[in-house]
Amino acid sequence: MLRQASRLISRSVTAASSKSVTARAFSTELPSTIDSTFVESWKKVAPNMDPPRTPSSFMKPRPSTASSIPTKLTVNFVLPYASELSGKEVDMVIIPATTGQMGVLPGHVPTIAELKPGIMSVHEGTDIKKYFVSSGFAFLHANSVADIIAVEAVPLENIDASQVQKGLVEFTQKLASASTDLEKAEAQIGVEVHSAMNAALSG
């Protein structure tokens with residue numbers, strides 16, 4: 001039954017797409033209602049079942065984009081166990097993306113960036129707050145809001161340089177003596193994180 005429904009739905013979608021070549025809107029700009037063609041096709045093959053709700057039914061509308069670029073960037077910086085920054089208005093944020101250091105200013109193009117171990121700096125006037133982040137993601141929105149989610153983060157001034165050096169030596173020795181793929185992977189992660197912390201403290 002479900003295979004029949006999928007065939008009917010795919011035929012109706014193909015027919016509809018061949019009639020219209022207009023630009024596709026963002027999913028969150030569409031009305032949160034189920035397409036009438038989909039509902040009719042569903043009722044033909046499953047009249048006793050309600051049609052499923054699509055993800056767009058649960059999405060909030062996209063935030064409005066200002067006509068001019070704001071003077072401040074709004075930052076939300078969240079960890080699994082705490083919220084470091086909530087609705088903080090700043091001048092700029094520099095994040096350690098896997099593609100390199102990324103500077104984010106108000107009006108930045110919407111982007112999703114994966115984070116690597118490194119320094120994230122928050123610039124507010126002459127005040128610069130630096131965090132060491134282990135990994136995570138940054139979601140940059142068109143309305144000059146940046147949502148940054150990190151697995152672990154600590155203010156740079158709270159890191160003990162001697163402990164970093166000690167940890168780097170330990171994980172380097174573990175990597176050299178690792179006998180399984182799991183041990184090698186764990187040791188390699190430890191080396192990369194401690195090397196990044198060491199570079200952040202010395203740089």
Side-chain angles (χ1 to χ4, degrees), residues 9-10 12-14 16-39 51-156 192-193 196 200 203:
I9 292 167
S10 63
S12 62
V13 169
T14 303
S17 61
S18 63
K19 294 178 183 177
S20 174
V21 290
T22 56
R24 183 178 178 185
F26 286 107
S27 60
T28 47
E29 290 176 346
L30 299 174
S32 59
T33 57
I34 299 178
D35 181 70
S36 58
T37 304
F38 173 83
V39 174
R53 298 181 67 184
T54 59
S56 60
S57 302
F58 303 92
M59 290 182 177
K60 295 180 180 179
R62 287 173 61 86
S64 58
T65 303
S67 57
S68 60
I69 297 177
T71 58
K72 294 289 185 178
L73 176 72
T74 302
V75 177
N76 300 307
F77 181 32
V78 183
L79 307 175
Y81 49 84
S83 175
E84 288 289 329
L85 301 174
S86 179
K88 178 79 170 176
E89 292 190 343
V90 301
D91 297 316
M92 179 178 65
V93 172
I94 299 177
I95 58 176
T98 54
T99 54
Q101 292 293 105
M102 179 185 294
V104 182
L105 294 166
H108 195 285
V109 63
T111 306
I112 297 176
E114 184 180 359
L115 306 182
K116 66 178 181 180
I119 294 178
M120 182 190 84
S121 57
V122 181
H123 299 248
E124 186 180 5
T126 58
D127 183 34
I128 302 175
K129 179 72 173 180
K130 293 184 178 182
Y131 297 87
F132 182 85
V133 298
S134 62
S135 59
F137 286 91
F139 301 88
L140 313 178
H141 306 284
N143 61 341
S144 294
V145 173
D147 294 322
I148 303 170
I149 296 91
V151 177
E152 285 286 350
V154 61
L156 194 61
E192 290 178 0
V193 172

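- Across Glu124 and Glu89, no two heavy atoms sit closer than the pair OE2-O, 3.8 Å.
- Here the shortest heavy-atom pairing between Val151 and Pro80 reads O-CD, 3.4 Å.
- Note: Ile149 CD1 to Ser135 OG = 11.5 Å, rounded to the nearest 0.5 Å.
- Taking the side chain as every heavy atom from C-beta outward, Lys130 and Pro155 never approach each other to under 4.5 Å.
- For Asp91, the salt bridge (Lys or Arg N to Asp or Glu O under 4.0 Å) criterion is met by Lys72, not counting sequence neighbours.
- When atom types are taken as modelled, the side chain of Ser144 and the backbone of Leu73 share no donor-acceptor pair closer than 3.5 angstrom.
- Sequence neighbours left out, not one pair with a member in residues 78-120 passes ring-ring contact (aromatic ring centres under 6.0 Å, His included).
- Of the inter-residue distances, the one linking Ile94 atom CD1 with Leu105 atom CG reads 8.5 Å to the nearest 0.5 angstrom.
- Not one N or O on the side chain of Asn76 forms a donor-acceptor pair closer than 3.5 Å with the backbone of Ser86.
- Residues Pro106 and Ile69 come closest through the heavy atom pair O-CG2, 3.5 Å.
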Open item on the list: For Val90 and Lys129: C-alpha separation, side-chain torsions, deciding distance, then whether side chain to side chain contact (heavy atoms under 4.5 Å, CB included) applies.
Closed with: CA-CA 11 Å; Val90 301; Lys129 179 72 173 180; over 6 Å; no

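- Across all non-hydrogen atoms, the minimal contact from Ala153 to Phe77 is CB-CZ, 3.6 Å.
- The salt bridge (charged side-chain N to carboxylate O under 4.0 Å, His left out) analysis of residues 103-121, with sequence neighbours excluded, yields no pairs.
- Rounded to the nearest 0.5 Å, atoms NE2 (His123) and CD1 (Ile128) are 4.5 Å apart.
- Of the possible donor and acceptor atoms, one in the side chain of Thr111 sits under 3.5 Å from a partner among the backbone N and O of Val109.
- A 4.5 Å side-chain heavy-atom check between Tyr131 and Leu79 finds every atom pair outside the cut-off.
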- [ ] For Phe137 and Ile95, run side chain to side chain contact (heavy atoms under 4.5 Å, CB included): C-alpha distance rounded to whole Å, both residues' side-chain angles, the deciding distance at 0.1 Å, then the answer.
- [x] CA-CA 10 Å; Phe137 286 91; Ile95 58 176; over 6 Å; no

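- Pairing each heavy atom of Phe38 with each of Pro51, the nearest pair is CE2-CB, 4.1 Å.
- Proximity of Pro110 to Phe139: side-chain heavy atoms (C-beta onward) are nowhere separated by under 4.5 Å.
- Distance NZ/Lys88 to OG1/Thr74: 11.5 Å, rounded to 0.5 Å.
- What you find for Ile119 and Pro96 is that their closest heavy atoms are O-CD, 3.4 Å.
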